[in-house]
Amino acid sequence: MPDELREALFIFALQNAVKHKSLPKAGTVIGMVMGKHPEFRSRAKEATTVMNSVLTEVSALSSAEREERLAALAPGLMEEMAKPRVHARELPSLEKAEHGVVMRFAPNPSGPLHLGHARAAVLNDVYVQRYGGKYILRIEDTDPKRVDPEAYTMVREDIEWLGLTIHDVVYQSDRFDLYYRYGRELIERGGAYVCTCENEQFRQLKLARQACPCRGLTLDENLALWERMLAGEFYEGEASVRVRTELEHPDPAMRDFPAFRILHTPLHPRIEACVYPLMNFSVAVDDHLLGVTHVIRGKDHIANTRRQRYIYDYFGWPVPVYRHYGRMGIEGVILSTSQMREGIQSGIYRGWDDIRLGTLRALARRGIQPGAVRAAVFDIGIGDTDISFSWDNLYAHNRSIVDPIADRYFFVPDPVCLKVRDAPVHTARALIHPNDVNRGTRTLPFLGEVLIPREELGKAPDMIRLKDLFNVRVAASGEEYVLTYAGEDMADARAAKAPVIQWLPAELALPAILETQDGPVIGVCEPAAGALQGNVVQFERVGFARIDRVEPQELIAYFCHR
């Protein structure tokens, strides 16, 4: 008989490899299998070992062979993957998209992706899925001052987690020769000139709507200065290339804006260079050369769209279709990469996945699912009105995903250990999931003492119901509490309006820390939760949480939402 665990791991590994056209990570596949097949969770350690041989087998297959094997083993999955993504409502149509689109998501590798990035990333993906075409991930790393070498990997990991269908990956640092070639051509076309004015001198002339002396240089003089720039003969700030625009333009920022600058420090981690293209030039060149047909970005880029039009016009290139969406305010988290980095370096945050941050990896650590993020930003859409991000909407989407699969367990915060007088030895049996009896039950033996939440005890009336166990009467004697067995009849508890609270046997409880955005909550939980590392569970009457790890005799979980 074939091993059902290995077969499930193999199918899900194939599915991930076919979908993303790359070998999946072991943890990703194991998490998918454990979520879909809870009967395998008791074999989690075995799955880790089996996964190595599964990935070896999948890696040996070609793309076509992977599709053939997946179609043979799980034809339903192949059919489902072939279907276009369907949403309850659709985004507005894009003009000139009838024959397909080429779109791009273009983050700067200054840190990991956050919720602000997710909006553009997901909306582009939705349109590519809708119209067909190509989705390009373009890493815009032409500013060494904004490059974190570790971010190259983090961005790719975040893209994979988000589930985007990326067809091509482009690094701008690999394209400097192209930028130099088109920079020279722009000068030859009269669309740019080399400026050696001091910055303050140029600023004053620009504000006065006057040409700087460099604007009148001949073509030969400009090209000679350009070659000297490339040869490294200028210090930082001594020379730049400026796009020739209208000196009378009402917006001073549009007047002869820069296209190239000199930088010697910091050193770029991927290339050796001293002449760096600025964003508006490199973006215009790349969008044209990569065949980008539609650009979706925030309305804070409207001025950049106008600047880039000058470059398109000088070269005679067709202009992409632009859609600018309104600003999205996100309360409660920091999105500034520089502020996050400062907080990490100073010890305020533990890392890029600190759950107080708005990075995608922080959301993932809490147990927010990528499908919930995609659905939440899809709901926001591409309207040009400024809006506020709704955490409640994100949590609602996430709840709809995790609620059907999350096992239920008790978590007792700030526990108090008390004896229950006159109580018989009893074993409570609670469903692992209230809507799926086939997933079995948890057994909690009562042997005389219980752990219950201190806060619940302090506000308890005369009677409380220990969930799935029995009723107890509560009597206070000074600061001490006495619990007395009051029967098992649920009707008695309802008549007394007794609150139902979670509890744990004093003899069977795993110390636990529930990390929340407001700080850690110290308590205890059911030991069985420790076998679900990386999975989301529901701590009854507390909320959903992701089991992060189990350290010696202590479970660490991250609070997700109620």
Side-chain angles (χ1 to χ4, degrees), residues 4-6 8-9 12-13 24-51 161 353 355 361-372 398-413 428-444 467-468 502 504-505 508-516 520-562:
E4 293 181 350
L5 172 60
R6 191 184 194 285
L9 290 170
F12 276 85
K25 293 184 177 180
T28 300
V29 177
I30 292 174
M32 293 168 64
V33 170
M34 296 305 172
K36 188 72 173 179
H37 298 285
E39 67 271 17
F40 293 143
R41 292 177 181 176
S42 61
R43 301 172 64 185
K45 291 184 179 179
E46 180 186 351
T48 302
T49 302
V50 173
M51 196 65 225
W161 178 82
D353 60 355
I355 60 174
R361 53 194 54 221
L363 296 180
R365 190 157 203 186
R366 290 170 55 189
I368 300 294
Q369 304 299 302
N398 198 64
R399 192 176 297 110
S400 69
I401 296 172
V402 300
D403 183 71
I405 61 174
D407 289 353
R408 270 50 169 177
Y409 295 102
F410 288 154
F411 172 84
V412 179
R429 289 180 172 82
L431 289 173
I432 291 177
H433 195 287
N435 298 326
D436 188 355
V437 296
N438 293 324
R439 287 165 66 171
T441 59
R442 306 123 57 196
T443 57
L444 299 171
K467 191 173 187 304
D468 300 309
Q502 71 273 37
L504 281 173
L508 185 66
L510 177 64
I513 298 176
L514 181 60
E515 297 282 359
T516 76
V521 177
I522 310 299
V524 293
C525 69
E526 294 181 46
L532 298 179
Q533 184 171 333
N535 290 282
V536 175
V537 303
Q538 186 185 68
F539 286 138
E540 297 192 40
R541 302 190 72 250
V542 175
F544 292 96
R546 178 183 164 276
I547 307 302
D548 192 75
R549 63 193 185 277
V550 180
E551 298 179 344
Q553 301 302 311
E554 186 175 64
L555 178 144
I556 311 295
Y558 285 84
F559 181 74
C560 191
H561 52 73
R562 292 192 177 276

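- Proximity of Ile547 to Asn535: side-chain heavy atoms (C-beta onward) are nowhere separated by under 4.5 Å.
- Taking both residues in full, the closest heavy atoms of Asn398 and Cys560 are given as ND2-SG, 3.5 Å, listed atom of the first, atom of the second, then distance.
- Heavy-atom minimum distance, Pro520 versus Glu515: CB-OE1, 3.7 Å.
- The shortest side-chain heavy-atom distance between Phe411 and Val521 falls under the 4.5 Å cut-off.
- Residues passing the side chain to side chain donor-acceptor pair (under 3.5 Å) test with Arg442 are Glu526, Glu540, sequence neighbours excluded.
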Determine, stepwise, if the pair Leu532 / Tyr409 fulfils side chain to side chain contact (heavy atoms under 4.5 Å, CB included). CA-CA 11 Å; Leu532 298 179; Tyr409 295 102; 3.7 Å; yes

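- At a threshold of 4.5 Å between non-hydrogen side-chain atoms, the residues Gln502 and Cys525 do not count as touching.
- Asp353 and Arg366 are not joined by a salt bridge, as no carboxylate oxygen comes within less than 4.0 angstrom of a charged side-chain nitrogen.
- Nearest heavy-atom pair, Pro511 versus Val524, reported as atom, atom and distance to 0.1 Å: CA-CG1, 4.0 Å.
- Looking at Arg365 and Asp548, their side chains come closer than 4.5 Å, going by heavy atoms from C-beta outward.
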For a side chain to side chain contact (heavy atoms under 4.5 Å, CB included) check, start with the C-alpha distance between Asp468 and Phe410, then their side-chain angles and the critical distance, and finish with the verdict. CA-CA 11 Å; Asp468 300 309; Phe410 288 154; 3.8 Å; yes

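- The two residues Ala406 and Gln538 have their closest heavy-atom pair at CB-N, 4.0 Å.
- Under a cut-off of 6.0 angstrom, the local environment of CD in Gln553 is sparse, with at most 12 non-hydrogen atoms contributed by other residues, nucleotides or ligands.
- Within the 4.5 Å cutoff, no side-chain heavy atoms of Asn435 are placed close to those of Pro404.
- A pairwise comparison of heavy atoms in Arg541 and Arg562 identifies O-NH1, 3.8 Å as the closest pair.
- When all heavy atoms are compared, the tightest approach of Pro527 to Leu508 is CG-CD1, 4.0 Å.
- With rounding to the nearest 0.5 Å, the separation of NE2 in His561 from CD1 in Ile368 is 4.5 Å.
- Interatomic distance, Arg408 CZ to Thr441 OG1, rounded to the nearest 0.5 Å: 15.0 Å.
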Side chain to side chain contact (heavy atoms under 4.5 Å, CB included), that's the test. Do Leu5 and Leu9 meet it? Break it down for me. CA-CA 6 Å; Leu5 172 60; Leu9 290 170; 4.1 Å; yes

